[in-house]
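Comments concern the structure below.
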Amino acid sequence: MRLSQMLFATLREDPAEAEIPSHKLLVRAGYIRRVGSGVYAYLPFLWRVLQKISQIVREEMNATGAQECLLTQLQPSELWKESGRWETYTKAEGIMFALTDRQGRELGLGPTHEEVITLIARDMIRSYRQLPLNLYQIQTKFRDEIRPRFGLMRGREFIMKDAYSFDADEAGMKVSYQKMNRAYHNILHRCGLAFRAVDADSGAIGGSGSQEFMVLADAGEDEVLYTADGKYAANVEKAISLPPDAVPSPFKAYKKLDTPNTPTIASLADFLQCSPTQIVKNVLYQVTYDNGMNVLVLVSIRGDQDVNEVKLQNELGRLAGEYGGSAVIGLKVPSEEDQQQWATKPLPLGYIAPNLSDDYIQPAKNLAAQFLRLIDPTAVELENFVTGSNESGYHVVGANWGQEFPLSKHQVDLRKSVAGDRSIHDPSQTLQTARGIEIGHIFQLGTKYSKAMGATYTNEQGEEVPLVMGCYGIGVSRLAQAAVEQSYDKDGIIWPVAIAPYHAIVVIPNINDNKQVSAAEVIYSELNRVGIEALLDDRNERAGVKFKDADLVGIPYRIVTGRSLQEGKVEVVNRATRESQEISVHEVVPTLRRWIDEAITAKTDVA
RNA sequence: CGGGAUGUAGCGCAGGGGUAGCGCGCCUGCUUUGGGAGCAGGAUGUCGCAGGUUCAAAUCCUGUCAUCCCGACCA
């Protein structure tokens with residue numbers, strides 16, 4: 001492609017809308033333009049990048065035997081009601097764009113496709129003889145994100161590859177899952193990205209096991225905890241670890257103490273000259289279920305530890321049935337206004353004990369009459385501990401479970417792991433931290449959707465049983481931006497060769513010099529002939545402008561038909577290393593062909 | 001949804017009751033031609049929108065919309 005004929009406009013200054021380097025660079029270099037909040041146009045350069053990524057994804061998916069298809073973006077609400085997700089996806093914090101058509105029918109714009117694919121499976125898969133099966137698509141998804149961010153990183157409209165596997169049983173699903181796991185490793189390696197596969201929370205998608213593929217970058221929205229031996233890595237939302245040991249309590253006798261102005265753990269530990277590990281902290285939450293039921297939750301945890309709200313929400317989801325609900329639609333620390341809604345009298349905030357009386361709760365419809373008391377193991381293990389007294393200004397010390405305080409039967413890990421914790425698989429390993437961009441997520445769904453929607457098949461014994469599913473996503477447009485976030489310098493983008501919009505750019509420093517022009521034309525057409533995707537900068541611009549633009553756009557190899565033409569050579573510059581060498585006009589195309597092939601295949605061969 | 005900020009030329013920004021500005025970009029011409037050129041000339045505005053105050057509003061007031069950031073939240 002000739003630059004003189006392209007829609008090509010670069011910006012010298014950073015756009016005001018962008019915050020992180022990759023977003024700034026993609027706008028400056030003319031890859032994307034914002035159309036609305038979280039909605040971006042993919043301009044010709046980016047579209048080529050997306051096609052490259054899609055092709056790699058396609059090849060690796062096809063290699064596993066998966067079949068490509070294209071499902072619908074408009075999805076009838078009935079489908080989502082069958083799976084039970086219509087309410088959670090459209091109400092409260094729901095992320096589905098919902099609309100009503102002229103007949104008054106409710107529809108959603110697809111944020112994900114479990115429902116649609118399960119409908120297809122229900123219609124078409126009848127026998128175990130048709131299994132296993134894996135269908136995938138590459139398509140625009142719509143999500144009404146609470147806060148779109150950072151360009152393509154978190155858009156309300158974005159391109160995703162989603163795959164769905166169907167197996168006869170759990171074992172088969174695990175095989176399908178492992179195939180996808182391998183394919184994802186291959187895809188990210190081929191795209192030239194540094195990444196880490198980590199244990200993950202399954203969130204609203206549901207199911208048992210899941211892993212995320214994190215592209216490592218400081219601007220990542222997720223925190224990853226991992227051990228140096230490579231045997232453990234998890235999203236901080238999911239991570240487990242050994243907490244630091246508690247310091248034995250100096251308080252041997254149960255006593256209530258006057259502790260003025262100590263509503264926080266730090267102030268209390270300081271006042272009592274004790275360790276935060278000797279304190280039982282009691283944190284109040286308010287959960288709302290999909291049936292409108294509200295429950296006040298009191299979480300007891302060791303004072304030096306924090307509650308992992310994802311773990312908490314998952315536990316509350318498991319308990320939904322006890323309150324007549326099926327899913328959590330809201331979880332928060334109740335504000336003062338919230339407290340006024342249900343509290344019979346002011347709460348002793350900062351001085352709450354594990355046995356805070358249920359009398360604080362006003363009887364009301366849609367409000368559980370009793371606190372749900374959850375306790376983390378870090379608190380269970382404590383003896384002679386310090387905790388609140390349910391009276392402002394006073395704490396108790398030397399308390400024990402089963403004596404002063406009943407021990408809740410809801411003992412569950414709610415603790416947030418942090419860097420520096422000892423690992424469970426090997427306590428000599430401590431957790432390290434890194435930031436990551438979630439590019440892929442694979443789930444073992446099991447029968448959640450097939451049961452809800454009646455997607456069954458007949459097994460060898462002639463029994464009708466639900467299909468066992470897995471689902472697997474890759475954020476294609478997010479991957480493109482993550483690649484930039486991971487690879488740029490002060491002058492612009494440095495694309496991995498495999499996903500660069502073009503492999504090479506031929507720069508004519510002086511368009512008025514016929515020798516330069518004709519040499520460039522020859523090389524340009526030769527590059528095209530051997531299948532190297534090339535740009536020709538034939539604009540009537542000064543050389544400096546062209547070099548700056550080539551760097552900014554990030555084309556891996558730059559060929560300059562300049563001064564060295566006198567010796568029958570051209571200059572070739574590697575964008576990533578900035579290495580420059582002069583190569584004879586006749587050698588340059590085969591040389592580039594070799595370099596490019598090496599750069600691409602070096603990434604292809606991985607386990 | 002809470003907190004914060006910003007809306008003025010295509011982009012980045014200044015101005016702060018009385019003629020609409022700067023830099024970059026754009027157009028024309030000449031010169032220049034290996035790291036975002038120089039000179040000369042030129043075009044481009046509902047100052048987000050709607051009300052209000054005033055002799056007079058980009059500027060003050062009220063409302064509203066949009067965008068960005070932090071948080072809550074989020075496959």
Side-chain angles (χ1 to χ4, degrees), chain A residues 9-20 23-24 27-28 30 33-39 85 88-89 92-96 110-114 141-151 153-156 158 160-162 200-207 210-213 221-222 235 237 285-286 288 309-310 313 328-338 438-443 445 471-475 478 490-492 507-513 516 537 539-552 558 560-565 570-571 573 578 580:
Chain A
T10 57
L11 301 177
R12 200 185 284 235
E13 289 171 288
D14 286 336
E17 75 192 45
E19 191 72 12
I20 62 173
H23 187 191
K24 289 176 181 172
V27 175
R28 278 188 57 202
R33 278 294 139 101
R34 190 175 61 79
V35 174
S37 176
V39 179
R85 291 207 294 181
T88 50
Y89 267 69
E93 308 291 353
I95 56 162
M96 182 155 60
T112 173
H113 282 72
E114 281 81 11
K141 294 281 187 281
F142 298 91
R143 294 187 185 180
D144 192 1
E145 293 285 350
I146 293 170
R147 183 144 96 88
R149 265 200 270 217
F150 303 150
M153 286 296 190
R154 185 171 290 277
R156 297 195 298 165
F158 61 96
M160 180 175 180
K161 186 282 308 181
D162 47 326
D201 180 65
S202 308
I205 291 277
S210 97
Q211 274 193 304
E212 287 166 340
F213 290 79
E221 294 186 88
D222 290 285
N235 190 312
E237 296 176 350
Y285 288 92
Q286 180 170 352
T288 305
E309 295 191 2
V310 173
Q313 174 151 356
V328 171
I329 60 170
L331 173 63
K332 60 182 172 183
V333 174
S335 65
E336 261 178 55
E337 287 145 47
D338 294 325
E438 181 192 347
I439 287 303
H441 200 160
I442 59 179
F443 300 82
L445 285 179
C471 75
Y472 317 92
I474 287 182
R478 183 186 276 186
K490 66 175 173 51
D491 291 315
V507 172
I508 307 169
N510 184 353
I511 199 80
N512 297 315
D513 182 333
Q516 292 188 6
D537 194 346
R539 294 175 298 166
N540 185 12
E541 291 286 353
R542 293 164 57 86
V545 172
K546 298 184 180 186
F547 295 152
K548 287 286 187 190
D549 278 342
D551 286 349
L552 179 60
R558 184 177 85 208
V560 186
T561 58
R563 296 183 287 235
S564 52
L565 268 186
V570 291
E571 182 188 26
V573 183
R578 297 193 172 275
S580 163

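Letters go in sequence order (proteins before strands), and every chain restarts at 1.
Comparing B:rC60 with B:rU6, their P atoms are spaced 12 Å from each other, to the whole Å. Going from the P atom of B:rG51 to that of B:rA58 covers 14 Å, rounded to whole Å. Taking the C1' atoms as reference points, B:rU44 lies 9 Å from B:rG10, given to the whole Å. Rounded to the nearest Å, the gap between the C1' atom of B:rC24 and that of B:rA9 is 12 Å. The separation of B:rA43 from B:rC26, taken at their C1' atoms, amounts to 8 Å, rounded to a whole angstrom. When the C1' atom is compared between B:rG35 and B:rG16, the two are found 41 Å apart, to the nearest whole Å. Annotation: B:rU67 and B:rG12 have their P atoms spaced 15 Å apart (nearest Å). The gap from the P atom of B:rC22 to that of B:rG42 amounts to 13 Å, rounded to the nearest Å.
What separates CD1 of A:Ile146 from P of B:rG71 is a distance of 13 Å, to the nearest Å. Across the protein-nucleic acid pair, A:Phe150 atom CZ and B:rC68 atom P stand 11 Å apart, rounded to whole Å. Distance A:Gln286 CD to B:rC1 P: 19 Å, rounded to the nearest Å. In this structure, the CZ atom of A:Phe142 is 19 Å from the P atom of B:rA75, given to the nearest Å. A:Glu237 places its CD atom 9 Å from the P atom of B:rC74, with the value rounded to the nearest Å. If you measure from atom CZ of A:Arg34 to atom P of B:rU6, you get 17 Å, rounded to the nearest angstrom. Rounded to an integer number of Å, the gap from A:Glu17 CD to B:rA5 C1' is 16 Å. The interatomic distance linking A:Ile95 (CD1) with B:rA75 (P) rounds to 6 Å, in whole Å.
Residue-to-nucleotide proximity on RNA chain B shows that, of A:Asp14 and A:Arg156, the 5′-proximal contact is made by A:Asp14. Nearest-nucleotide positions on RNA chain B for A:Ala16 and A:Arg149 put A:Ala16 closer to the 5' end.
Looking only at distances, no side-chain donor or acceptor of A:Ser580 sits under 3.5 Å from a matching main-chain atom of A:Val573. Remark: side-chain polar atoms of A:Arg478 are paired, donor with acceptor, to backbone N or O of A:Met153 under 3.5 angstrom. In terms of modelled atom types and a separation under 3.5 Å, the side chain of A:Arg34 and the main chain of A:Gly151 share no donor-acceptor contact. Listed for the A:Arg156 side chain is no donor-acceptor partner under 3.5 Å among the backbone atoms of A:Arg143. The backbone N or O of A:Arg539 sits less than 3.5 Å from a side-chain atom of A:Lys546, completing a donor-acceptor pair.
Side chains of A:Gln516 and A:Thr561: a donor-acceptor N/O pair is absent below 3.5 angstrom, by distance only. Under the 3.5 Å distance criterion, with hydrogens and angles disregarded, no donor-acceptor pair is assigned to the side chains of A:Gln286 and A:Thr288.
Heavy atoms of A:Gln313 sit under 4.0 angstrom from primed sugar atoms or phosphate atoms, though from no base atom.
A pairwise comparison of heavy atoms in A:Pro111 and A:Lys141 identifies O-CD, 3.5 Å as the closest pair.
The phosphate of B:rA66 has neither OP1 nor OP2 within less than 4.0 Å of any side-chain N or O from A:Ser37.
Between the side chain of A:Arg154 and the base of B:rC74, a donor-acceptor pair under 3.5 Å is found.
Base orientation of B:rU28: anti, since the glycosidic angle falls outside 90° of 0.
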Using a 4.0 Å cut-off on protein heavy atoms (strictly under), produce a 5'-to-3' string for nucleotides 31-42 of chain B with B for base contact, S for backbone-only sugar-phosphate contact, and - for none. -BBBBBB-----
Intermediate values then yes/no, salt bridge (Lys or Arg N to Asp or Glu O under 4.0 Å), A:Arg85 and A:Glu114: CA-CA 10 Å; A:Arg85 291 207 294 181; A:Glu114 281 81 11; 2.9 Å; yes
Using salt bridge (Lys or Arg N to Asp or Glu O under 4.0 Å), reason through A:Asp491 and A:Arg578 one step at a time and then give a plain yes or no. CA-CA 11 Å; A:Asp491 291 315; A:Arg578 297 193 172 275; 2.4 Å; yes
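Checking B:rC69, B:rG23, B:rA75 against the side-chain heavy atoms of A:Glu19 singles out B:rC69 as nearest.
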Could you summarise the pairing of RNA chain B as dot-bracket text, marking Watson-Crick and G-U pairs under 3.5 Å with ( ) or [ ] inside the strand and | across strands? ((((((((.[[[[.)..(..]]]].((((((.....)))))).....[[[[[..)....]]]]])))))))....
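Cation-pi geometry between A:Arg558 and A:Phe547 is met: under 6.0 angstrom from the ring centre, within 45 degrees of the axis.
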